[in-house]
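Okay, so here's the structure we're looking at.
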Amino acid sequence: MKFLLLSIFLLLGAPAFAAEDVYQFENDEQRDRFSELTYELRCPKCQNQNIADSNAPIAEDLRKEVSRLIKEGQDNETVVQFMVDRYGEFVLYEPRFNVKTFIIWLVPAILIFIGLIVILSVSRSRKQAHETKELNSQESERLALLLVNSNDEVGDK
Amino acid sequence: MKKVMKRLVMFTPLFIFVVLGMFLFWGLNNDPTKLPSALLGKPMPKFELATLLNSDELKAEKDLVGNVSLLNVWATWCISCRVEHPYLMDIAKEGVHIFGVNYKDQRKEAVDWLGEFGNPYVFSLYDENGRLGLDLGVYGAPETYILDGQGVIQYKHVGVIDQRVWLEVLKPIVDQLKQQPVLAQGN
């Protein structure tokens, strides 16, 4: 169990340290921001990797830029905007909420809403099916008759 | 009314399938490796770089202004650039203005390449460390930008320019941009 936990934690930690050792920073705060930013920014060439993970030359250039901007004292937003200005919003792993992207942000909420409606309507129709209806006088007479008849048949045999 | 509703509910899976199918079909014809440029409609980023052939000759963004032109990002390490090169020679002979950006390359190798295969460029900027490439949002060579007469980026093509790309995609845009200043003067 300990071994399992240890290996899980090691796996969780690995990507964050992927590209860090190459760059020297003045303090831990800068280093943390560097790994955070390179983890969030997507490599334009190798599209399913972030720039921390990729060893494509373009990812290396972008890492260099991120470290340069951090050392210049730029805040995270400025660094991200710098990349977006050049490579477009594609580089953001977490897209911003705007006219182009509103649908991907809203779809989960809409789907949950539809799901709730479906669940409610299904459970309501089930409830209706289970409700016992009162028999009117004609029906109860017929039922009694049927019961008597079936008893007779059983008695005959 | 209730019956109609039930019918409609019955058809929801079909409806969902059709919508999903449309999305997937659209995805089939959509190349995710081609990213739209973030610089469309923006002027060329500022730069000051020497030309490839003369390290003392500095050029800046204002030197690209004046003509509707192509800005072609190339390098000797880029195999597709070699494929594209003869076609660039052809359209340069037709009078198309092509500026080059020699991207993260060795000067000597690049000069040799132009000597061997010909030089279609008005001049090539020598972007040794890829600084201009980064400001342009270059993520792989070859890439080609269309600049209008004011030096504003109007289009970006990622990948090789061949006859089909030139005639069907780039040339119509170039021709249209060439019309614009005339129209503006007419007004």
Side-chain angles (χ1 to χ4, degrees), chain A residues 41-51 54-69 72 79-93 95-96 98-101 103-104 107 110-111 113-126 128-129, chain B residues 2-3 5-6 8-13 15-16 19-20 22-23 26-27 30-47 73 75-78 80 101 103-106 127-143 145 153 155-156 158-159:
Chain A
L41 289 167
R42 187 174 181 188
C43 168
K45 186 74 191 170
C46 29
Q47 304 197 336
N48 290 329
Q49 283 181 303
N50 54 28
I51 63 172
S54 166
N55 45 21
I58 182 73
E60 204 182 309
D61 287 355
L62 295 185
R63 281 199 300 269
K64 219 181 277 172
E65 282 303 306
V66 171
S67 84
R68 184 179 67 83
L69 291 166
E72 273 179 15
V79 177
V80 168
Q81 191 57 45
F82 177 93
M83 294 300 167
V84 171
D85 284 344
R86 283 155 183 76
Y87 290 93
E89 297 206 352
F90 175 87
V91 295
L92 305 176
Y93 258 123
R96 292 167 175 171
N98 58 30
V99 186
K100 271 189 198 163
T101 58
I103 195 149
I104 52 177
V107 157
I110 293 171
L111 286 180
F113 184 70
I114 293 175
L116 279 177
I117 290 178
V118 168
I119 289 172
L120 278 178
S121 66
V122 166
S123 73
R124 194 185 288 171
S125 65
R126 268 201 197 154
Q128 270 173 358
Chain B
K2 239 185 171 176
K3 255 189 181 165
M5 278 297 283
K6 261 202 173 148
L8 278 180
V9 169
M10 237 169 66
F11 279 105
T12 11
F15 175 72
I16 292 172
V19 170
L20 203 68
M22 271 166 16
F23 261 109
W26 172 76
N30 182 23
D31 185 351
T33 61
K34 303 224 157 139
L35 306 181
S37 173
L39 279 88
L40 297 186
K42 294 190 184 152
M44 266 300 286
K46 287 190 187 332
F47 65 88
V73 181
T76 55
W77 47 259
C78 149
S80 313
V101 177
Y103 177 63
K104 299 178 83 174
D105 209 347
Q106 308 284 329
D127 187 22
E128 187 176 14
N129 50 22
R131 185 65 243 184
L132 175 61
L134 197 114
D135 285 341
L136 278 169
V138 170
Y139 59 91
E143 285 186 16
Y145 297 79
I153 296 168
Y155 190 79
K156 175 184 183 176
V158 179

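Below, all heavy atoms of this structure are taken into account, side chains as well, without hydrogens, waters or symmetry copies. Letters A, B, ... mirror the listed sequences (proteins, then strands); counts begin at 1. Since the structure is predicted, the reported quantities are computational estimates derived from the model, not experimental observations.
Residue contact with chain A, scored on non-hydrogen atoms closer than 4.5 Å, is absent for B/Val9. At a 4.5 Å heavy-atom cutoff, A/Glu89 makes no contact with chain B through either its backbone or its side chain.
In terms of modelled atom types and a separation under 3.5 Å, the side chain of B/Asp127 and the main chain of B/Arg131 share a donor-acceptor contact. Side-chain atoms of B/Asp105 come within 3.5 Å of backbone N or O of B/Thr76 as a donor-acceptor pair. No donor-acceptor pair under 3.5 Å is formed between the side chain of B/Ser80 and the backbone N or O of B/Pro142. Judged purely by atom type and a 3.5 angstrom limit, A/Arg96 has no side-chain atom pairing as donor or acceptor with the backbone of A/Thr101. Checked by atom type and distance alone, the side chain of A/Tyr87 pairs as donor or acceptor with a backbone atom of B/Val138 at under 3.5 Å.
The candidate with the highest count of non-hydrogen atom pairs below 4.5 Å against chain A, out of B/Gly137, B/Gly140, B/Gly133, is B/Gly137. Annotation: maximal heavy-atom pairing with chain A below 4.5 Å, among B/Leu134, B/Leu39, B/Leu136, occurs at B/Leu134. For the set A/Val91, A/Asp85, A/Val84, A/Val118, the entry with the most heavy-atom pairs within less than 4.5 Å of chain B is A/Asp85.
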